[in-house]
Protein chains: 4
Amino acid sequence: MQLSSRPSVPPTDLSSRILAAAQRLFARQGFEKTTTRQLAEAAGIAEGTLFRHFENKKAILVAVVTQGWSELLTDLLTQLSEMGSYRAVAQLMRDRMLTLHKQSDLMRVCFMEAQFHPDLRDRIQSEIINKMTSVVEAFIQTGVERGTYRDLNPKVVARVFLGMFMIAGFSQDTLMDEQPSPAFQKEMAETLADIFLNGILVQS
Amino acid sequence: MQLSSRPSVPPTDLSSRILAAAQRLFARQGFEKTTTRQLAEAAGIAEGTLFRHFENKKAILVAVVTQGWSELLTDLLTQLSEMGSYRAVAQLMRDRMLTLHKQSDLMRVCFMEAQFHPDLRDRIQSEIINKMTSVVEAFIQTGVERGTYRDLNPKVVARVFLGMFMIAGFSQDTLMDEQPSPAFQKEMAETLADIFLNGILVQS
Amino acid sequence: MQLSSRPSVPPTDLSSRILAAAQRLFARQGFEKTTTRQLAEAAGIAEGTLFRHFENKKAILVAVVTQGWSELLTDLLTQLSEMGSYRAVAQLMRDRMLTLHKQSDLMRVCFMEAQFHPDLRDRIQSEIINKMTSVVEAFIQTGVERGTYRDLNPKVVARVFLGMFMIAGFSQDTLMDEQPSPAFQKEMAETLADIFLNGILVQS
Amino acid sequence: MQLSSRPSVPPTDLSSRILAAAQRLFARQGFEKTTTRQLAEAAGIAEGTLFRHFENKKAILVAVVTQGWSELLTDLLTQLSEMGSYRAVAQLMRDRMLTLHKQSDLMRVCFMEAQFHPDLRDRIQSEIINKMTSVVEAFIQTGVERGTYRDLNPKVVARVFLGMFMIAGFSQDTLMDEQPSPAFQKEMAETLADIFLNGILVQS
DNA sequence: GATGAATGAGTATTCATTCAT
DNA sequence: CATGAATGAATACTCATTCAT
């Protein structure tokens, strides 16, 4: 997996067209319900052409997911590394959550399909989640050592942090209101960050 | 949907046998990948019999999900209403999250399939999520009014609270470690509740 | 494999209808070129029904061949065992060759497909050819011991004998004249039997 | 078809490379199961190039078969014409059968595919088989007239003679023992020639 | 001439649903 | 009511052939 690749992919090359179409369709309909015919049509190519670029349908899923997470991880790492104040994590979460919403396609694909495709899940886990978790963990650890964060298990906190991303990017669209207003989304993101930092209890 | 029904369903009646089998299979393999033949076999009946009890395969999905959330909601409402201290919410979360793990089958089915079946999602939302949210919202509201909780938007906090359930019950199994140890699960549940109440920042 | 089964199969049961259609089509067009759609149409059933009776297309081929040889072998054994005079082998050959013509469908299927389907070939060989060869071999052996046949290696003679069957039933239709006249066929059968018994050389 | 052409084809010219690859692949896998991609790969050229040299896949089959029989026929004619003694036909058969084994690739291709490609069969028949048959027929005829061979229908004997070739070159590999030992092959060839000349009956 | 990416009709197989028993 | 054989539309994937480079 290449973490540094990407925004340069020309949208005219077929593989990219296929992946773009696949991301949209998989997210909208799920992997199983997306037919290769639809995929080809959406990419503006013939059905057979799909199989010149990817060995089979599942390989398209793997590519979509791998590429997507790759981008996500790159962005997160960049932002974390540039973040001066350890209190600014709220800012980061807010930003991330709002942009994550745009990538909720990807989140959905992952959550939906990872479960039924062990090899896909293994890739996501070993190549991505673990990397993200350990980066965030190190970040939290530093915050704890500096006395900014409470003395909680950094590994666990990292998971909660990442889990919150998913709430934001994923469950909103899925089970909550059809189309939450931008204002509500903003408040949601800010409250989530606030709770993450301060909790809901009044400080005694 | 009946919220108060349920523990009286005899496991020998065919509809229940079908639903039990379906919940397991849908969670394990997803709705699309579960064939009616498997369903029938798992329920110990003939394939055609399925269609005497449910109009079509999708009706089985709807029934599984509705029934499951119904139980979940009933339990949550009971516990909330019986809860004296508003600080004890941590206790509740811990309990819920640990038991939720057992019901992760249901969570999975919901998260996976709700998206692709708008009518299912609508039912879940209008009949369940909204009810849960408003109950939790009222609970939070009271906590805020009593000065136990900070003055945050109760509706938003309620969503965060419910969202955290899902982290616990769902994403763990799906994307995190293959089989998180009970000890880790317990720590995860407690830390999540702790962060929800206190945040990660050191109290200044 | 059952050697003694057969002429009692009711032509109304679907498996038999499928096999009958398959024998004709495989012989006419080959296994690869026969589509399951054609197969179903010829058997007067739906395409999906094929797969309720046979696991896959190849299983139909195996069944056709096995069944066919089974019948052929049964007949041959019966005739050989009932044959009084060891000179009468000519009579047998003539009869067999003429009826074989009707079963040339089967011969073709076997010769064509056996080669590309090792497991099929193995079955034919171990269950049928070897049985036929050893029966004929024993017959020849007896002829040699009685002084009726020359002292040639019975195993080799048996193979030649069986090979001659194939010339008769198979290569005629395939490479020789489109439709050899019955008269020519009869002469061919008789000459083949004659040469087998007496050779072409004038007795010195 | 050119009977006198050929062994001068340089193996570097593309058409020949294609034919060589095709003969091997068709014999090994059959015509239908050999893909043009395999063909191109085996010939070391691009897939599209095939279609600059042959109009379509079937034309390659026709060329392979025509060329092969052409060589076979040339050899047979040469040997027959050089044969002094009419008793020496046994020698010829033995030789032919042993070398035929090497060309069993060709035999297989012919037997397999001729049947399903009427135009191919017509070519083989009119241009080759008929020529071979009539040459052999004339040869037998002469033997009969000289009193060496019994007074059998020369046309029929010629067919039996050619049919025996096929037993030898073809059916052995296909349905008989996996890999008959050279010794067994030799005995087979000799016995076949012996039976052809003398029959199996003890001369009374 | 050679290439190989693109094509799309065609394939075997699956599976929700029906219906005669 | 329960059954399970029959159905046939729908699916992922293959491959001979074309054509712009």
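In what follows, every chain begins at residue 1, and chains take the letters A, B, ... in the order their sequences are listed. Computed from a predicted model, the values in this text were never measured in an experiment. Side-chain atoms are counted along with the backbone in the values below, which use heavy atoms only and exclude waters and symmetry mates.
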Pick base, sugar-phosphate or nothing for A/S15, based on heavy-atom distances below 4.0 Å to the nucleic acid.
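Since no nucleic acid heavy atom lies under 4.0 Å of A/S15, the category is nothing.
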
Nearest-0.5 Å distance that lies between atom [atom1] in [X] and atom [atom2] in [Y]:
{"X": "B/L61", "Y": "B/E32", "atom1": "CG", "atom2": "CD", "answer": "9.5 Å"}
{"X": "A/I45", "Y": "A/I18", "atom1": "CD1", "atom2": "CD1", "answer": "4.0 Å"}
{"X": "A/T34", "Y": "A/R24", "atom1": "OG1", "atom2": "CZ", "answer": "10.5 Å"}
{"X": "B/E41", "Y": "B/T35", "atom1": "CD", "atom2": "OG1", "answer": "8.5 Å"}
{"X": "D/Q38", "Y": "D/Q29", "atom1": "CD", "atom2": "CD", "answer": "4.5 Å"}

Provide, to the nearest angstrom, the distance between the [atom1] atom belonging to [X] and the [atom2] atom belonging to [N].
{"X": "D/L50", "N": "E/dA2", "atom1": "CG", "atom2": "C1'", "result": "11 Å"}
{"X": "A/F54", "N": "E/dA6", "atom1": "CZ", "atom2": "C1'", "result": "15 Å"}
{"X": "D/E41", "N": "E/dT3", "atom1": "CD", "atom2": "C1'", "result": "15 Å"}
{"X": "C/Q38", "N": "E/dG10", "atom1": "CD", "atom2": "P", "result": "12 Å"}
{"X": "D/E55", "N": "F/dA16", "atom1": "CD", "atom2": "C1'", "result": "13 Å"}
{"X": "A/L14", "N": "E/dG4", "atom1": "CG", "atom2": "P", "result": "17 Å"}
{"X": "A/E32", "N": "E/dC15", "atom1": "CD", "atom2": "P", "result": "10 Å"}
{"X": "B/I45", "N": "F/dT3", "atom1": "CD1", "atom2": "C1'", "result": "10 Å"}

If you check the [X] side chain, which of [options] turns out closest?
{"X": "C/F51", "options": "F/dT11, E/dA16, E/dT14", "answer": "E/dT14"}
{"X": "C/K57", "options": "E/dA12, E/dG8, F/dA12", "answer": "E/dA12"}
{"X": "B/T35", "options": "F/dA20, E/dG4, E/dC15", "answer": "E/dC15"}
{"X": "A/R52", "options": "E/dA5, F/dC13, E/dG1", "answer": "E/dA5"}

Between B/H53 and C/G48, who's closer to the 5' end of DNA chain F by nearest nucleotide?
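It is B/H53 whose nearest nucleotide is closer to the 5' end.
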
Nearest-nucleotide comparison on DNA chain F, the residue closer to the 5′ end among B/T49 and A/T49
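So the residue in question is B/T49.
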
Do B/K58 side-chain atoms and B/L120 backbone N/O form a donor-acceptor pair below 3.5 Å?
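Side chain of B/K58 to backbone of B/L120: no pair is present.
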
For the pair C/I60 and C/F31, evaluate side chain to side chain contact (heavy atoms under 4.5 Å, CB included) and give the outcome as yes or no after the intermediate values.
CA-CA 10 Å; C/I60 301 179; C/F31 175 73; 5.9 Å; no

Ignoring hydrogens and geometry beyond distance, is the side chain of B/E47 in donor-acceptor contact with the base of E/dC15 at under 3.5 Å?
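Result: no qualifying N/O pair found.
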
Under the rule of Watson-Crick or G-U wobble with both distances under 3.5 Å, where | means paired to another strand and [ ] a crossing pair, DNA chain F maps to .||||||||||||||||||||

Judged by each residue's nearest nucleotide on DNA chain E, which is more toward the 5′ side, C/R37 or B/N56?
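Nearest-nucleotide comparison on DNA chain E picks C/R37.
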
